[in-house]
S.K.: 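I'd like to ask you about the structure that follows.
The structure presented is a predicted model; accordingly, all values stated were derived computationally and were not measured. Numbers here are sequence positions counted from 1.
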Amino acid sequence: KYHNYFAGGLVNHNTVLMVTLADTVAKGYCSWTQSEYEKPGYIKVNGVWYLPSPFHKKPPVRIRITGENWISHIGEVIVHEFEIWAVKDTYETKKNNEGVVCLITYTNGSTIQLMTYGSKIDAYESWKGDLWLPDEPSPLEVFEGMARGLNTTHGKIWMFMTPLKE
């Protein structure tokens with residue numbers, strides 16, 4: 001009743017699906033469904049019709065994506081794929097002290113915050129959000145903190161991973 005599963009390929013396929021859906025939820029529509037004409041269930045955005053996002057809330061939404069480390073996981077995998085698949089000119093980025101994107105802010109007010117499992121647990125406890133996307137399994141303390149931050153907003157967790165460790 002509460003769990004849905006989608007089987008995808010290994011390597012970067014999970015990450016591509018994750019960043020594509022994160023971009024879709026943040027924008028509020030599926031950019032690959034563009035139509036010049038109105039279709040049943042479609043919404044109009046800047047004069048063009050799209051199928052709405054499969055998420056339960058309209059933008060602005062607060063999203064978190066978590067991964068193993070800043071350089072090789074967040075920077076070289078997640079941000080790299082995001083820059084390939086996300087719709088350009090709909091967002092701006094902010095980098096952290098290591099030069100890796102840590103915040104994505106959309107023109108509609110939606111945000112995607114990127115974090116690693118090396119962050120202090122307090123950073124996970126003090127968040128209220130709408131959607132959490134762990135790219136790999138999180139430590140239990142992180143899972144519990146993030147789940148509490150989603151509870152009051154009726155947020156969701158969409159897991160994109162190969163669950164080999166946790």
Side-chain angles (χ1 to χ4, degrees), residues 2-9 11-67 70-71 73-116 119 123-124 126-136 146-147 149-161:
Y2 297 107
H3 300 93
N4 293 310
Y5 299 94
F6 172 80
V11 188
N12 284 342
H13 298 100
N14 294 337
T15 304
V16 169
L17 181 60
M18 179 189 65
V19 299
T20 303
L21 286 173
D23 182 57
T24 296
V25 169
K27 291 187 325 265
Y29 61 91
C30 304
S31 56
W32 61 88
T33 63
Q34 180 176 335
S35 173
E36 294 180 17
Y37 307 101
E38 182 177 4
K39 294 182 180 182
Y42 275 46
I43 59 173
K44 195 171 189 178
V45 180
N46 298 325
V48 181
W49 294 92
Y50 298 95
L51 193 62
S53 155
F55 198 55
H56 67 287
K57 287 188 179 179
K58 292 181 180 179
V61 293
R62 296 183 69 194
I63 301 169
R64 263 195 185 166
I65 296 176
T66 54
W70 282 113
I71 303 300
H73 191 185
I74 300 289
E76 294 177 9
V77 176
I78 296 173
V79 173
H80 173 73
E81 293 297 337
F82 189 87
E83 290 171 347
I84 291 171
W85 295 100
V87 176
K88 309 294 184 256
D89 300 324
T90 60
Y91 64 89
E92 294 180 358
T93 61
K94 178 183 174 186
K95 294 183 178 183
N96 63 11
N97 294 336
E98 296 187 47
V100 179
V101 173
C102 63
L103 182 64
I104 301 165
T105 305
Y106 283 77
T107 55
N108 67 7
S110 291
T111 59
I112 299 175
Q113 183 181 25
L114 296 134
M115 293 180 70
T116 69
S119 300
Y124 296 100
S126 62
W127 181 65
K128 276 185 157 179
D130 301 300
L131 177 63
W132 173 35
L133 305 167
D135 191 38
E136 291 298 337
M146 292 297 292
L150 295 167
N151 189 39
T152 59
T153 63
H154 303 288
K156 303 288 184 210
I157 302 170
W158 291 351
M159 297 181 183
F160 298 87
M161 63 186 71

S.K.: Which donor-acceptor pairs under 3.5 Å do side chains of residues 96-104 form with protein atoms, sequence neighbours excluded?
M.R.:
{"from": "N96", "atom 1": "OD1", "to": "E98", "atom 2": "N", "distance (Å)": "2.9"}
{"from": "N96", "atom 1": "OD1", "to": "G99", "atom 2": "N", "distance (Å)": "3.1"}
{"from": "N96", "atom 1": "OD1", "to": "V100", "atom 2": "N", "distance (Å)": "3.0"}

S.K.: Please table the atom pairs, donor to acceptor, closer than 3.5 Å between any side-chain atom in residues 51-67 and protein atoms at least two apart or in another chain.
M.R.:
{"from": "S53", "atom 1": "OG", "to": "F55", "atom 2": "N", "distance (Å)": "3.1"}
{"from": "H56", "atom 1": "NE2", "to": "H154", "atom 2": "O", "distance (Å)": "3.0"}
{"from": "K57", "atom 1": "NZ", "to": "D130", "atom 2": "OD1", "distance (Å)": "2.7"}
{"from": "K57", "atom 1": "NZ", "to": "T153", "atom 2": "O", "distance (Å)": "2.8"}
{"from": "R62", "atom 1": "NH1", "to": "K128", "atom 2": "O", "distance (Å)": "2.9"}
{"from": "R64", "atom 1": "NE", "to": "Q113", "atom 2": "OE1", "distance (Å)": "2.7"}
{"from": "R64", "atom 1": "NH1", "to": "A123", "atom 2": "O", "distance (Å)": "3.3"}
{"from": "R64", "atom 1": "NH2", "to": "Q113", "atom 2": "OE1", "distance (Å)": "3.1"}
{"from": "R64", "atom 1": "NH2", "to": "A123", "atom 2": "O", "distance (Å)": "3.3"}
{"from": "T66", "atom 1": "OG1", "to": "Y117", "atom 2": "OH", "distance (Å)": "3.0"}
{"from": "T66", "atom 1": "OG1", "to": "W132", "atom 2": "NE1", "distance (Å)": "2.9"}

S.K.: Should M18 and D135 count as side-chain neighbours, where that means a heavy-atom distance under 4.5 Å?
M.R.: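 Touching, per the 4.5 Å side-chain cut-off.
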S.K.: Nearest 0.5 Å, please: how far is CG in N14 from CD in E136?
M.R.: 7.5 Å
S.K.: As an exercise, state the distance from CD1 of I84 to OG1 of T15, rounded to the nearest 0.5 Å.
M.R.: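 Atom-to-atom, I84:CD1 and T15:OG1 are 11.0 Å apart.
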S.K.: Applying side-chain hydrogen bond (donor to acceptor under 3.5 Å, both in side chains) as the test, list every pair that has at least one member in residues 27-51; sequence neighbours left out.
M.R.: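 Every pair satisfying side-chain hydrogen bond (donor to acceptor under 3.5 Å, both in side chains) with a residue in residues 27-51: D23-K27.
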S.K.: Under the salt bridge (Lys or Arg N to Asp or Glu O under 4.0 Å) rule, what pairs show up with a residue in residues 45-56, not counting sequence neighbours?
M.R.: none
S.K.: Does any part of the side chain of E76, heavy atoms only, come nearer than 4.5 Å to the side chain of I71, both counted from C-beta?
M.R.: yes
S.K.: Pairs in or reaching into residues 82-109: which pass ring pair (Phe, Tyr, Trp, His ring centres under 6.0 Å), with residues at least two apart or in two chains?
M.R.: F82-Y91, Y91-Y106
S.K.: Mind checking the CG-CE spacing from L131 to M146? Nearest 0.5 Å is all I need.
M.R.: 9.0 Å
